[in-house]
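Structure, as structure tokens:
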2 protein chains.
Amino acid sequence: MNIHHLIRELREENDSKIVLLVADGLGGLPLEPGGKTELETARTPNLDACAREGVCGLSIPVLPGITPGSGPGHLGLFSYDPLEYRIGRGILEALGINFSVGARDVAVRGNFCTVNEAGLITDRRAGRPATERCVAMCRKLQQIKVPGVEVFVEPVREHRFVVVFRGDNLGDAVNDTDPQQTGHKPLEARGADSHSENTARAVNHFASEAARVLKGDVPTNMVTLRGFARYPKIDTMQEVYGLKPAALAVYPMYKGLARLVGMDVIDAGSTLNDQMDTLRKLWTQYNFFFMHYKYTDSTGEDGNFPAKVEMIERLDAEVPKIVALKPDVLIVTGDHSTPSKMRSHSWHPVPTLLRSPTCRPDAVTEFNESACLRGGLGQFQAMYLMSLAMAHAGRLGKYGA
Amino acid sequence: MNIHHLIRELREENDSKIVLLVADGLGGLPLEPGGKTELETARTPNLDACAREGVCGLSIPVLPGITPGSGPGHLGLFSYDPLEYRIGRGILEALGINFSVGARDVAVRGNFCTVNEAGLITDRRAGRPATERCVAMCRKLQQIKVPGVEVFVEPVREHRFVVVFRGDNLGDAVNDTDPQQTGHKPLEARGADSHSENTARAVNHFASEAARVLKGDVPTNMVTLRGFARYPKIDTMQEVYGLKPAALAVYPMYKGLARLVGMDVIDAGSTLNDQMDTLRKLWTQYNFFFMHYKYTDSTGEDGNFPAKVEMIERLDAEVPKIVALKPDVLIVTGDHSTPSKMRSHSWHPVPTLLRSPTCRPDAVTEFNESACLRGGLGQFQAMYLMSLAMAHAGRLGKYGA
């Protein structure tokens, strides 16, 4: 029995409201032995107050030692087991440019490459063209017709773009056409089952047409395709939790991930302040709010410790606006850690606080890694965050008599 | 591999004795921000001494955020995965009145209701009759004969009673006959498979006979039946753990739950003092003792914080009697939390102590929620309590060479 089945069985309706504030890549590391993490360094009086009134802990995004990408990181926070629900690269790439992928789609990431007259690849990234050229080349690819299948081509940046094949009975068990080294031709696509053979046929047609329309466009005169992925079949948060969820995110990727689990994706402007205004406006219309804050992750990925500290402090300054709305449950967490020291996502557990009138407060008085380690939520798998949220909101009945 | 398979493979015999003292609904919440829980408020010098000598932690009854009923709560403590072993309402109801249900039984909860001359229900609870009337009406129902099936009818209280159908090949995939609203006739029972059709036939026969024998007894002139449940197939604690277990409980429900997992249910009197006397008397005859204390839960459900504190202190006063018997392992825990503040069972983790010469003592010197949070057992799922008990009792061999 998985946690979703249990929640479907036990869930109850009421008027409670839940806010899930995700500071992307929140957790960090000290730069020096004996030093402090970004969150320990930041002045966060408002988050500290929430920690004092609430219960804290550390969230393990997937399993100990496993570093998640943004997809599994967020699915985990929405309590979709990230090992059960997998989102392929193509779909994530499409979500990342706000392409509205759907149930009949197979999405794939494309790369422009350079081939010589024999068709052998001489540069797998086509010399990293300017994004404008990427856009222009994609316009050419958009003219390609494939019998029986709709094809969409959208630029990402430099040599990268997205292709979406839309049709019936398209599988995604298709090999990458990128041979991963120069001196080889792009590989032919093959499907591992009959539905994937349908896709492979469309892909090979598309690739030969691409070779034709790009013929004169050295160095962007050919394409390779990687990471074929169907749109995953995911029950919505409404179906699983009985919630009416809204997503207030700024970046397309997170909007896409929210749409994937059935949230209403709201145009929330481009700043935290805009997001807070939107939250206030929508307060009566939804009962679950996912708010995404990107800059704790991007500064971490830049390896910019002081900038991450500053981004945390900016987030802290906005927290009272949420508290003023009196959510029944406020959760602040991250989808994973992004220590500036590592300049990348990491596996380290993520500081998490849950503030609710029904929580059992612990002795934690500050919101950071070392304080959360002593918190009442202990260390828990992210996939139990929503059952905790639902319980504290009074939305889960008793299991068994 | 589940924990039972592992224990069966590794278990060893010795002369050790294990006592599991369950204070029902033990965990609590502070009434006010910054306040103390019931257990933090109570003076518990004896439990504190056990905490000091032992190792503490917090037990998660089912999964984070999931509030268990008494059935799953206790199955969890006996380390039967409460998501795998499910006990239907009818069986729990029968256990609750000390009816000795067995493998050939389908039990169901009955309600007296009022029907008009057209047979339509006008009151689903028959005006909540006095329990004496319930007893008298059940006596009438006890006369009903159903071909090929033994039927037992026992009063619970007010409009509620239990019916047990005993026979071969009786399934429990049978719909409730309660239409859940007035203005309708009781529903006909239908079985979802051939064994359940056998049950449904018996049920419909019973219902039409009930209508006949109660005809003149307005307002208790008809019955509805809800929560058909077979006696679950559960391996005994003797089979799984190789233990000879005795249950010293006062309330029928907990006696029934203990019988379900194969414990010898002992008539242990009606007070804690009686239970302690019984424990002493039986000390040489068993090697596992489940002692159940109800009043920490009932006072919590009443929302009576000071009474719960007092019940905890009364329990504490009896603890030295157990310690004097020198059990190899003494565990004190609860099946779930019942915060007075919430007047109900809750999902909050339950303070747990394990005192044994083989335990690794931690720094915990008091037995309560906040102290247990710093304990050596950490937060753990209740279904691992018995493997911990068996290990500390020297009853589990090494896994693998």
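Numbered from 1 within each chain, the chains take letters A, B, ... in sequence-line order. All heavy atoms count here, side chains included; hydrogens, waters and symmetry mates do not. Just so it is clear, the model here is predicted, and its values are computed rather than measured.
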Should B/Pro30 and A/Pro361 count as side-chain neighbours, where that means a heavy-atom distance under 4.5 Å?
yes

Any side-chain heavy atom of B/Thr67 within less than 4.5 Å of one from A/Leu396?
no

Is a salt bridge present between A/Lys398 and B/Glu301, judged by a nitrogen-to-oxygen distance below 4.0 Å?
no

Within a radius of less than 6.0 Å around [atom1] of [X], do more than 12 heavy atoms belonging to other residues, nucleotides or ligands occur?
X	atom1	value
A/Lys36	NZ	no
B/Arg226	CZ	yes
A/Arg11	CZ	yes
A/Asp15	CG	no
A/Lys321	NZ	yes
B/Arg89	CZ	no
B/Arg157	CZ	no

How far does CG of A/Leu6 sit from CG of B/Leu63, to the nearest 0.5 angstrom?
6.5 Å

A/Tyr399 OH to B/Arg86 CZ distance, which is reported to the nearest 0.5 Å
3.5 Å

So what's closer than 4.5 Å to chain A heavy atoms on [X]: side chain, backbone, both or neither?
X	result
B/Ser337	side chain
B/Leu58	side chain
B/Pro349	both
B/Leu92	side chain

Do you know which of A/Gly376, A/Gly394, A/Gly378 has the most heavy-atom pairs under 4.5 Å to chain B?
A/Gly376

A/Thr358 backbone acceptor or donor facing B/His348 side chain under 3.5 Å:
yes

Please state whether the side chain, the backbone, both or neither of [X] comes within less than 4.5 Å of a heavy atom of chain B.
X	answer
A/Arg52	neither
A/Leu10	side chain
A/Leu377	backbone

Looking at every heavy atom in both A/Ser387 and B/Pro64, which two are closest together, and how far apart are they?
OG-O, 2.8 Å

B/Ser346 and A/Arg360: side chain donor to acceptor below 3.5 Å:
no

